Amino acid sequence: MIRDGGAIGRFPGETHEGVAWWLGACFVALTSAQRLAVGSDGQPVTAEFFRRLCNGAINAGHHACQVTAISEIAQDSFLAFTRQQSIAGAYVTASPGPNGTTIVHIRLYDANGLMLQEDTGLDQIRRMIAEGRVPIPVSDTAKGTVEHLPAAALEAAR
């Protein structure tokens, strides 16, 4: 499930919303990111994945990550925003899957807009999850924040 630049799987079935929390927390802990952009295609099925991804990122140990959350944004507009801001990003999308399921894909990007690969952190995130080393929140003072931005304003500015 942790492959192709992040996590991918059939929902329901192969993946669940908790995976998004794990990815957000592990990605922030691995990169020591102070800022992270989180985007989604805005489909109803991705809403809880999006919310939990943001929560995992702001609750990653002592990192106090500042998350910019942008729902209902096209992936190319999202990536343009992350490159312009020079911040890492995570994008959630869904597509039709077999037998009435949905394929949920969470892609992780570095500050240059490059999708994470095995040798640039994906293998370490997989290992952290497999070994139960997902960072947990430590206190409210170490918790980051989420700022929601409207996608329409960002896409209009492009």
Side-chain angles (χ1 to χ4, degrees), residues 1-31 33 35-60 63 65-83 85 87-137 144 146-152 154-155:
M1 170 176 14
I2 306 296
R3 65 181 199 284
D4 299 332
I8 186 170
R10 281 189 314 274
F11 178 78
E14 290 178 334
T15 192
H16 56 84
E17 295 96 337
V19 171
W21 200 101
W22 300 341
L23 279 180
C26 289
F27 188 45
V28 168
L30 178 68
T31 62
R35 294 179 60 211
L36 179 70
V38 176
S40 83
D41 60 11
Q43 295 185 58
V45 72
T46 61
E48 187 63 14
F49 286 89
F50 175 74
R51 188 184 73 75
R52 290 199 190 186
L53 184 57
C54 291
N55 284 337
I58 66 170
N59 281 293
H63 296 282
C65 184
Q66 307 304 303
V67 172
T68 301
I70 314 163
S71 184
E72 299 182 36
I73 187 169
Q75 188 169 358
D76 60 339
S77 297
F78 175 76
L79 290 174
F81 172 78
T82 61
R83 286 186 196 110
Q85 299 292 314
I87 58 175
Y91 188 79
V92 185
T93 189
S95 59
N99 302 319
T101 61
T102 301
I103 304 297
V104 175
H105 198 159
I106 302 171
R107 294 174 179 90
L108 304 174
Y109 297 93
D110 67 16
N112 296 314
L114 300 174
M115 194 166 23
L116 239 57
Q117 302 297 317
E118 290 297 316
D119 61 347
T120 59
L122 203 56
D123 60 335
Q124 292 172 296
I125 290 173
R126 183 184 307 105
R127 194 173 321 114
M128 289 171 78
I129 293 170
E131 294 173 358
R133 294 185 298 120
V134 176
I136 58 171
V146 177
E147 173 189 16
H148 293 272
L149 293 182
L154 294 175
E155 289 179 336

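Here the structure is a predicted model, which means the values were calculated and not measured.
- Between V19 and V104, every side-chain heavy-atom pair lies at or beyond the 4.5 Å cut-off.
- Side chain of Y91 to backbone of L79: no donor-acceptor contact under 3.5 angstrom is found.
- Atom CE of M1 sits about 11.0 Å away from atom CZ of R10, to the nearest 0.5 Å.
- In terms of heavy-atom proximity, A37 sits nearest to I87 at CB-CD1, 3.7 Å.
- Across all non-hydrogen atoms, the minimal contact from I103 to P98 is CD1-CD, 4.3 Å.
- Residues I70 and I73 come closest through the heavy atom pair O-CG2, 3.4 Å.
- With rounding to the nearest 0.5 Å, the separation of CG in L30 from CG in L116 is 7.5 Å.
- In summary, the side chains of D41 and Q43 do present a donor paired with an acceptor at a separation below 3.5 Å, with no hydrogens or angles considered.
- When all heavy atoms are compared, the tightest approach of L36 to A90 is CD1-N, 4.4 Å.
- Of the possible polar contacts, one joining the R126 side chain to the I2 backbone as a donor-acceptor pair under 3.5 Å is found.
- Rounding to the nearest 0.5 Å gives a distance of 11.0 Å between CG of D110 and CE of M115.
- The CG atom of D4 lies 8.0 Å from the CZ atom of R107; values are rounded to the nearest 0.5 Å.
- Residues forming a salt bridge (Lys or Arg N to Asp or Glu O under 4.0 Å) with E48 (at least two apart in sequence, or on another chain): R51, R52.
- If you take CG on N59 and CH2 on W21, they are separated by 5.5 Å, rounding to the nearest 0.5 Å.
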Could you check I125 against L108 for side chain to side chain contact (heavy atoms under 4.5 Å, CB included), going step by step and ending with a plain yes or no?
-> CA-CA 11 Å; I125 290 173; L108 304 174; 3.7 Å; yes

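- When all heavy atoms of P12 and T101 are compared, the pair lying nearest together is O-CG2, 4.0 Å.
- Aromatic ring centroids of W22 and H16 lie under 6.0 Å apart.
- The CE atom of M128 lies 11.5 Å from the CG atom of D123; values are rounded to the nearest 0.5 Å.
- Across all their heavy atoms, A94 and V45 have their closest contact at CB-CG1, 3.4 Å.
- A 4.5 Å side-chain heavy-atom check between L114 and T120 finds every atom pair outside the cut-off.
- Under the 6.0 Å cut-off for aromatic ring centres, F49 and F11 qualify, their centroids lying closer than that.
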